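Numbers for residues simply follow the sequence, beginning at 1. All values reported here derive from a predicted model rather than from experimental measurement.
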Amino acid sequence: YRDFFIALNDQTTYSFSRPAYDIQPAIQHIHDLGSNDNMRPIDLTCKLCFLLAITRFLRPSDIERVDDAHSEVTSTQLRLVVVRPKEKRSSQRIKKVIHVRRHQVTYLCPVTTYEPYKAPFCQQPCVRRYPAQGGSRSTVHNLIRAVHNNHVPVGSECISNHIKYILAMILRPPGTTMPKARALGAAAAVLGGASLDDVLVHGSWASSSDFDTFYRVSRDTATNFTMMALPLESPDVTLDTQSGSVTPADE
C-alpha cells in the first residue's frame with residue numbers, strides 16, 4: 001500500500017493557482033442592509049456570523065460554541081470564549097479566548113453588530129452541552145440562536161449557511177468553488193501588511209504549512225519585491241532613473 005500511495009502522489013500535481021475574489025458586492029450588500037437596529041432578524045444573524053468569520057478567521061463550529069455567558073464588550077473590542085474548539089493543546093480540549101477589534105466603519109464593525117443582535121435574541125436561556133453524548137461535557141450558553149425561536153441553539157451547518165448567504169455575493173470565476181470566509185479574511189490581512197506570524201496566531205493555525213496549503217487564497221503579498229530586489233538606491237550604488245546609468249555611491 002505504501003508504494004501505491006507514493007506512486008499515486010508522484011502522479012498528482014497540487015496547484016497553488018487560486019482565483020481572484022472581489023468582495024465588494026458583499027460589502028455593498030451589508031451597507032445596503034441599513035441600520036442594525038432596523039434590520040430583519042435573519043439579515044442581522046447572517047451579518048454577525050459573516051463578520052465574525054471573516055474578521056476573526058472563525059469556523060462555523062467556533063461560532064456555534066461561543067459561550068456568551070463569558071462575552072465582554074469594551075470600548076475597543078469584543079471578548080469571546082469558544083468552548084471545545086477543533087484545536088487542542090497537548091492532546092487536551094481547550095477554551096479559546098478571542099478578541100474582536102472594532103472597525104472604524106460602523107456598518108462593518110462586528111462589535112456594533114453583536115450588541116443589537118444580543119439585545120433581542122439573547123434574553124432567554126439557550127444552553128447546550130458539548131459533546132452531545134458521552135465523555136466529559138461542557139455547558140455553553142449559545143450566542144447564535146434560531147431566528148424565530150430564540151431559546152433554541154443552532155448548529156454549525158446552519159451558521160455555515162448564514163455565512164454562505166453573504167459569501168454567495170462575492171464575484172468569482174465560473175466553475176470555482178465558494179471560498180471560506182476565514183480564508184478570505186486571512187488573505188486580505190496578509191495583503192494589508194499583517195505579518196504571517198500574526199495571521200497564524202489570529203486564526204489558531206498550527207503551522208504556516210497548514211495555512212499555506214488550505215487557506216491561502218492569494219499568493220500575492222503587500223511587499224513590492226521588484227523594488228526591493230532592484231532598489232533605486234543602495235549603500236553601494238545609485239541608479240539614475242533618467243539615464244539608466246549606475247554610479248558608485250562614493251563618487
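The backbone N or O of Pro60 lies less than 3.5 Å from no partner atom in the side chain of Ser160, so there is not a single donor-acceptor pair. Here the side chain of Arg101 pairs no donor or acceptor atom with the backbone of Thr76 at under 3.5 angstrom. Formation of a donor-acceptor pair under 3.5 Å by the Asn142 side chain with backbone atoms of Val127 is not found in this model. When atom types are taken as modelled, the side chain of Arg129 and the backbone of Val140 share no donor-acceptor pair closer than 3.5 angstrom. Arg145 contributes a side-chain N or O that, together with a main-chain N or O of Phe121, makes up a donor-acceptor pair within less than 3.5 Å. No donor-acceptor pair closer than 3.5 Å links the side chain of His70 to the backbone N or O of Arg79. Checking side-chain atoms of Arg182 against main-chain N and O of Thr55 turns up no donor-acceptor pair under 3.5 Å.
For the atom pair OH (Tyr107) and CG (Asp32), the distance works out to 9.0 Å, reported to the nearest 0.5 Å. If you take CD1 on Ile30 and CG on Leu51, they are separated by 5.0 Å, rounding to the nearest 0.5 Å. In this structure, OG in Ser138 is found 6.0 Å from NZ in Lys95, a value given to the nearest 0.5 Å. Going from atom CD1 of Ile170 over to atom CD1 of Ile54 covers 6.0 Å, rounded to the nearest 0.5 Å. Between Arg172 atom CZ and Leu167 atom CG the span is 8.5 Å, to the nearest 0.5 Å. Between the CG atom in Leu143 and the CZ atom in Arg65 there is a gap of 15.0 Å [rounded to 0.5 Å].
Residues Pro116 and Asp37 approach most closely at CB-OD1, 3.6 Å, considering heavy atoms. Shown here for Leu184 and Pro179, the closest heavy-atom pair between the two residues is CD1-CG, 3.7 Å. When all heavy atoms of Thr177 and Tyr21 are compared, the closest pair comes out as O-OH, 3.7 Å. Looking at every heavy atom in both residues, Pro85 comes nearest to Asp62 through CB-OD1, 3.7 Å. What you find for Pro120 and Asn150 is that their closest heavy atoms are O-OD1, 3.7 Å. In plain terms, the two heavy atoms of Leu52 and Val100 that are nearest each other are CD2-CG2, 4.3 Å.
Using a 4.5 Å heavy-atom threshold, the side chains of Leu78 and Pro110 count as separate. You'll find the side chain of Lys47 reaches within 4.5 Å of the side chain of Asn36, heavy atoms only. Contact check for Thr45 versus Tyr165: no side-chain heavy atoms found under the 4.5 Å cut-off. You'll find the side chain of Gln77 stays beyond 4.5 Å of the side chain of Arg102, heavy atoms only. Leu200 places a side-chain heavy atom less than 4.5 Å from the side chain of Leu196.
Residue-environment remark: CD (Gln123) exceeds the threshold of 12 foreign heavy atoms within 6.0 Å. By the neighbour-count criterion of 12 heavy atoms within 6.0 Å, atom CD of Gln124 is densely surrounded, having more than that number from other residues, nucleotides or ligands.
Each of Tyr130 and Val152 belongs to its own hydrophobic cluster when Ile, Leu, Val, Met, Phe, Trp and Tyr are linked at side-chain heavy-atom distances under 4.5 angstrom. Hydrophobic clustering keeps Ile42 apart from Met169 (ILVMFWY residues linked when any side-chain heavy atoms are closer than 4.5 Å, directly or through intermediates). Residues Ile163 and Met178 are members of one and the same hydrophobic cluster, defined by side-chain heavy-atom contacts under 4.5 angstrom among Ile, Leu, Val, Met, Phe, Trp and Tyr. At a threshold of 4.5 Å between side-chain heavy atoms, the hydrophobic network of Ile, Leu, Val, Met, Phe, Trp and Tyr places Leu171 and Phe50 in two separate groups. Taking hydrophobic clusters as Ile, Leu, Val, Met, Phe, Trp and Tyr residues chained together by side-chain heavy-atom distances below 4.5 Å, Ile63 does not share a cluster with Val147.
Under the side chain to side chain contact (heavy atoms under 4.5 Å, CB included) test applied with Lys96, the options Val81, Val83, Val82 reduce to a single match, Val82. Of the listed residues (Lys86, Arg128, Arg59), just one forms a salt bridge (Lys or Arg N to Asp or Glu O under 4.0 Å) with Glu64, and that residue is Arg128.
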Please determine whether side chain to side chain contact (heavy atoms under 4.5 Å, CB included) holds for the pair Ile144 and Cys49, giving the CA-CA distance in whole Å, both sets of side-chain angles, and the decisive distance to 0.1 Å. CA-CA 8 Å; Ile144 305 300; Cys49 291; 4.0 Å; yes
Derivation of the side-chain hydrogen bond (donor to acceptor under 3.5 Å, both in side chains) call for Tyr114 and Asp68 = CA-CA 11 Å; Tyr114 165 84; Asp68 200 48; 2.8 Å; yes
